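Since the structure is predicted, the reported quantities are computational estimates derived from the model, not experimental observations.
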There are 2 protein chains.
Amino acid sequence: MSESEQRGTSAAPSRRKDARRNKETLLDAAAAVFVTSGVDAPVRDIAARAGVGTGTLYRHFPTRADLIIAVYRHQVDACAEAGPALLAEAATPHAALRRWIDLFVDFLVTKHGLAAVLRSDQSGFTALHDYFLDRLVPVCADLLSAAVAAGEIRDDVQALTLLRGVGNLCIGAENDPGYDARRLAAVLVDGLRRTP
Amino acid sequence: MSESEQRGTSAAPSRRKDARRNKETLLDAAAAVFVTSGVDAPVRDIAARAGVGTGTLYRHFPTRADLIIAVYRHQVDACAEAGPALLAEAATPHAALRRWIDLFVDFLVTKHGLAAVLRSDQSGFTALHDYFLDRLVPVCADLLSAAVAAGEIRDDVQALTLLRGVGNLCIGAENDPGYDARRLAAVLVDGLRRTP
DNA sequence: TGCAGAAACGGAACAACGTTCCGTATCGTG
DNA sequence: CACGATACGGAACGTTGTTCCGTTTCTGCA
């Protein structure tokens with residue numbers, strides 16, 4: 001299973017050198033354009049920045065979600081892996097959850113428009129949605145159930161709901177000084193506490 | 001000041017009967033299309049449903065936000081007016097706040113895509129944004145400060161932040177059984193409580 | 001090295017949408 | 001009833017996403 005399906009990037013790398021090179025170039029270009037123009041920058045812009053045609057971009061990344069996933073995969077994975085570590089080192093499960101959510105919020109807030117497109121139900125974005133959820137929901141669920149087991153929080157909020165909620169709180173947080181997504185996320189996690 | 005500027009709909013009604021009639025027809029058409037196709041239905045669809053050209057639609061409602069505001073103004077006003085009433089009748093300010101937020105959430109969740117477009121920072125939507133905020137922030141601020149005065153909640157979350165947060169929580173809530181915006185909003189309001 | 005087939009490339013072309021513009025039709029008024 | 005002002009309709013333009021196909025480039029093999 002390690003070779004036959006490598007989770008997500010299941011397609012084998014092309015045998016042609018130019019194709020591999022173009023894919024790299026496109027990833028770099030996309031990453032650059034994403035930080036300046038946001039994750040819904042025009043496809044043409046990304047292709048132009050990479051010096052390739054739009055057809056080439058679409059062949060490598062059939063949907064925008066594929067491109068976004070490819071660009072941010074590492075960071076999502078890092079966030080996922082931080083979960084167990086926090087659980088091990090934090091004072092209580094709830095503290096671990098709070099810090100993990102902070103990580104997640106930081107990630108989303110610094111990616112122009114990512115949270116919004118994550119929520120978009122436009123066709124083709126389900127892949128993006130699913131990747132984030134597949135990767136992060138189990139981690140969040142572990143943190144939640146640990147906190148529940150410790151009697152710290154209520155047990156009627158699912159990991160998926162919490163993650164979507166936090167993701168939503170981050171929408172539009174990047175360009176708007178009067179709105180503090182981090183604080184709201186913290187308040188939300190606080191609200192999970194058992195009210196005695 | 002009562003005549004010269006009537007807050008929002010500052011333009012006097014047209015002297016021409018056909019113009020007034022078309023505006024009404026457009027409002028009805030928009031309301032109908034909004035419930036079936038969401039608030040970002042194509043402008044052409046709305047004009048077609050009303051049996052007028054797109055130019056006519058744009059003359060009456062220069063931006064989509066103007067149209068949305070006109071369609072939902074009554075309901076927004078009703079929500080705003082419910083604030084003081086709840087504060088008077090609820091057991092505590094925090095209870096009033098919770099119920100008022102419920103009202104707000106109910107309103108947003110039942111309008112396909114409204115919460116999303118409310119958050120959109122596309123040009124032209126600032127009017128929509130501003131109308132909601134102008135109308136609701138003062139109400140929310142009153143509820144908040146009453147709860148703060150009663151010592152029920154923390155004092156470091158502004159009305160504007162809370163409203164935006166709750167609005168964000170409602171994004172995408174309409175088509176997705178696994179996500180419960182109402183519950184999350186309740187958890188958020190719960191999180192405002194002073195942690196002793 | 002040279003060649004044939006496969007693979008990938010580029011960008012023109014199409015569709016959907018928001019928005020503007022102006023020639024035409026309609027209304028209110030003197 | 002005629003005239004000016006107002007409003008109408010939809011063609012036309014610009015911007016995007018997406019597809020399609022003639023052309024180019026690469027790779028494996030002789």
Under 3.5 Å, which N/O atoms of the protein pair with N/O atoms of nucleotides 24-27 of chain C?
unit_1, atom_1, unit_2, atom_2, d
dT26(C), O2, R16(B), NH1, 3.2
dT26(C), O2, R16(B), NH2, 3.1
dC27(C), O4', R16(B), NH2, 3.3

Can you tell me which residue pairs pass the salt bridge (charged side-chain N to carboxylate O under 4.0 Å, His left out) test with a partner in residues 161-172 of chain B, sequence neighbours excluded? D176(A)-R164(B)
Check salt bridge (Lys or Arg N to Asp or Glu O under 4.0 Å) between R193(A) and all other residues, then give those that pass, not counting sequence neighbours. D190(A)
For R16(A), all residues meeting salt bridge (Lys or Arg N to Asp or Glu O under 4.0 Å), sequence neighbours excluded: D18(A)
Anything under 3.5 Å between a donor and an acceptor, one on a side chain of residues 84-101 of chain B, the other on a protein residue two or more places apart or in another chain? List them.
unit_1, atom_1, unit_2, atom_2, d
E89(B), OE2, R99(B), NH2, 3.1
T92(B), OG1, H94(B), N, 3.4
T92(B), OG1, A95(B), N, 3.1
T92(B), OG1, E152(B), OE2, 3.0
H94(B), NE2, V189(B), O, 3.3
W100(B), NE1, C79(B), O, 3.0

side-chain hydrogen bond (donor to acceptor under 3.5 Å, both in side chains) involving Y179(A) - partner list, sequence neighbours excluded: N168(B)
Check the distance between dC9(C)'s P and L26(A)'s CG and give it to me in whole angstrom. 8 Å
Side-chain donor-acceptor contacts of residues 153-160 of chain B below 3.5 Å, not counting sequence neighbours, with atom names and distances?
unit_1, atom_1, unit_2, atom_2, d
R154(B), NE, D156(B), OD1, 2.7
R154(B), NH2, D156(B), OD2, 3.0

Nearest-Å distance, CZ (R21(B)) to P (dG28(C))? 11 Å
Can you name the nearest heavy-atom pair linking H60(B) to A19(B), along with the distance? CE1-O, 3.3 Å
Between C1' of dG18(C) and CD1 of I46(B), the distance in whole Å: 12 Å
Under the side-chain hydrogen bond (donor to acceptor under 3.5 Å, both in side chains) rule, collect the residues that match up with T63(A), sequence neighbours excluded. D66(A)
Hey, what's the ring geometry for Y72(A) with F107(A), parallel, tilted or perpendicular (30° and 60° as the breaks)? perpendicular
Per the end-axis method with five pairs at each terminus, what is the bend angle of the helix from dT1(C)-dA30(D) to dG30(C)-dC1(D), to 10°? 10°
Please output the side-chain donor-acceptor pairs of residues 35-48 of chain A that fall under 3.5 Å, not counting sequence neighbours, one pair per line with the distance.
unit_1, atom_1, unit_2, atom_2, d
T36(A), OG1, V33(A), O, 3.1

How long is the line joining NZ of K23(A) and P of dC26(D), in whole Å? 19 Å
Could you go through nucleotides 14-18 of chain D and list every protein N or O atom that sits under 3.5 Å from one of its N or O atoms, giving the distance for each pair?
unit_1, atom_1, unit_2, atom_2, d
dG17(D), OP1, R64(A), NH2, 2.3
dG17(D), OP2, V43(A), N, 2.7
dG17(D), N7, R44(A), NH1, 2.8
dG17(D), O6, R44(A), NH2, 2.8
dT18(D), OP2, Y58(A), OH, 3.1

Contact under 4.0 Å: T56(A) side-chain N or O vs dG10(C) OP1/OP2: yes
The side-chain hydrogen bond (donor to acceptor under 3.5 Å, both in side chains) partners of T126(B) (sequence neighbours excluded) come to none
For L67(B) and dT19(C), give me the distance from atom CG to atom P, rounded to whole Å. 12 Å
d(NE2, H60(B); P, dT19(C)) in whole Å: 17 Å
Report the distance from atom CG of L57(A) to atom C1' of dC20(D), rounded to the nearest whole Å. 16 Å
For dC9(C), does OP1 or OP2 lie under 4.0 Å from any side-chain N or O of N22(A)? yes
